[in-house]
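Worksheet: the structure to be examined is printed underneath.
Reminder, nothing fancy here: chain letters follow the sequence lines and each chain counts from 1.
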2 protein chains.
Amino acid sequence: MLDLANYLPYLLNRSGSRIAASFTQAVREHGITLSAWRVLAALNHADGQRVGQLAEMTSIEVSTLSRLLDQMQARGLIERRRPDDDARTVTAHLTPAGRETTLAIIPIAHHYEKVALEGFSAEEAATLRLMLKRLYDNMGRLEEEETAAPLR
Amino acid sequence: MLDLANYLPYLLNRSGSRIAASFTQAVREHGITLSAWRVLAALNHADGQRVGQLAEMTSIEVSTLSRLLDQMQARGLIERRRPDDDARTVTAHLTPAGRETTLAIIPIAHHYEKVALEGFSAEEAATLRLMLKRLYDNMGRLEEEETAAPLR
DNA sequence: CGGCTTTATTTGTAAATGCAAATATATGCC
DNA sequence: GGCATATATTTGCATTTACAAATAAAGCCG
């Protein structure tokens, strides 16, 4: 039997979906989608990441990301560069406009995090963050095993 | 500034994405997508839910769900019924084949939950579940406010 | 009862997504 | 150096998704 009400992937998905939905609506008027925000946030954290790294950071599939970058580039939010040391790779960089948009959205981002954590003590919030990181690491180890042992 | 490495929506999304990705691959050979599994799990939890309820349960948008139900019905996993008491509504029900498929997948579901929680004590896991529920409730209250005060 | 508003689901349509194939460059080995 | 293999990104294409509009049935109130 499966106790759905306590099934972790279910709990994770539904809370993530609700935050995503509210945030998506909130940034809509800025003409930004949730995916685009993830890219902005990732580049704000570390500018000049390669497409593959960025895909990893944002949990966006590389081919989807490649096309999203096309749009963001067309809108002047980011630009692509081809590093000298490895011409296979492409790095993405925030433009001034991209940086400006990011800064405009950060307060909204903080707001939703605050709402999500309403009623949480600082310790509880810290515990939750740590647990989510552990969970992520656990699944990461699994992925490695799975790619190491190809499926047939 | 935004400290992405500790930004809750980011942590939530990335762990959810990893579980989703691994699980998706695992059930692929059963010819089931993650979304379809969510429907099966929701109906296994409570059969005969209306489309709207099911959308809420699965975090799948109603129109998307409507089409997903078409497919699942075509594949014989579920069937739709129109209740006597309210002919606007449609309820979804697992067929025997749907139930069978669900039972076949449940062990896989348990497996990934176990992997995700590796290294967690029972108390820690319980704490995490509770926190995710609180988070979900917090966002739910926000949604109510937002729909109560329509955005222009 | 008959119209008016609300609720529930489906359908139209454009955009986003994901897998697989194509392309381009780099690295290793003889 | 030249060829085979590996890595990084983009593109082709079919499917999924989401918003808005359409449809259908209730519920309400005169």
A5(B) versus K133(A), closest heavy-atom pair with distance: O-CE, 3.4 Å
Heavy-atom nearest nucleotide on DNA chain C taken for L68(A) and for V62(B); more 5' hit belongs to V62(B)
What is the distance, rounded to the nearest whole Å, between atom CZ of R28(A) and atom P of dA15(C)? 13 Å
Distance check needed: dT11(C) C1' versus L69(B) CG, whole Å only. 14 Å
Would you mind checking if E118(A) and R134(B) are paired as a salt bridge, meaning a charged N to carboxylate O distance below 4.0 Å? no
In whole angstrom, what separates L34(B)'s CG from dG18(C)'s P? 11 Å
Partners of D84(B) by side-chain contact (heavy atoms from CB on, under 4.5 Å), sequence neighbours excluded? none
Could you identify which residues of residues 48-61 of chain B place a heavy atom less than 4.0 Å from some atom of DNA chain C, listed by residue number, or say none? R50(B), V51(B), G52(B)
What are the two closest non-hydrogen atoms of A116(A) and L8(B), and how far apart are they? CB-CD2, 4.4 Å
Considering every strand and a 4.0 Å limit on heavy-atom distances, what is the contact class for R82(B): base, sugar-phosphate, or nothing? nothing
With sequence neighbours left out, what residues match R75(A) under salt bridge (Lys or Arg N to Asp or Glu O under 4.0 Å)? none
Any side-chain N or O of R80(A) below 4.0 angstrom from OP1/OP2 of dT10(D)? yes
Under a 4.0 Å heavy-atom cut-off, which of residues 85-94 of chain A touch DNA chain C? D86(A), A87(A), R88(A)
Inspect the contact between R18(A) and E56(B) and indicate whether a charged nitrogen and a carboxylate oxygen are less than 4.0 angstrom apart. yes
Results of side-chain contact (heavy atoms from CB on, under 4.5 Å) for T91(A) - residues two or more places apart only: R50(A), R81(A), P83(A), H93(A)
Would you tell me if any nitrogen or oxygen in the side chain of Q73(B) comes within less than 4.0 Å of OP1 or OP2 on dT10(C)? no
Might you point out which heavy atoms bring L2(B) and A41(A) nearest each other, and give the distance in Å? CD2-CB, 4.4 Å
Ion pair present between E113(B) and R129(B), side-chain N to carboxylate O less than 4.0 angstrom? yes
Taken to the nearest whole Å, CG/D70(A) to P/dA16(C) is 12 Å
Side-chain heavy-atom pair L135(B), M131(B) within 4.5 angstrom cut-off: no
N/O to N/O distances under 3.5 Å, protein versus nucleotides 12-16 of chain D:
{"from": "dG12(D)", "atom 1": "O6", "to": "R67(A)", "atom 2": "NH2", "distance (Å)": "2.6"}
{"from": "dC13(D)", "atom 1": "N4", "to": "R67(A)", "atom 2": "NH1", "distance (Å)": "3.4"}
{"from": "dT16(D)", "atom 1": "OP2", "to": "Q71(B)", "atom 2": "OE1", "distance (Å)": "3.1"}

Does NZ or CZ of R38(B) fall inside the cone over Y10(A)'s six-membered ring, less than 6.0 Å from its centre and within 45° of the axis? no
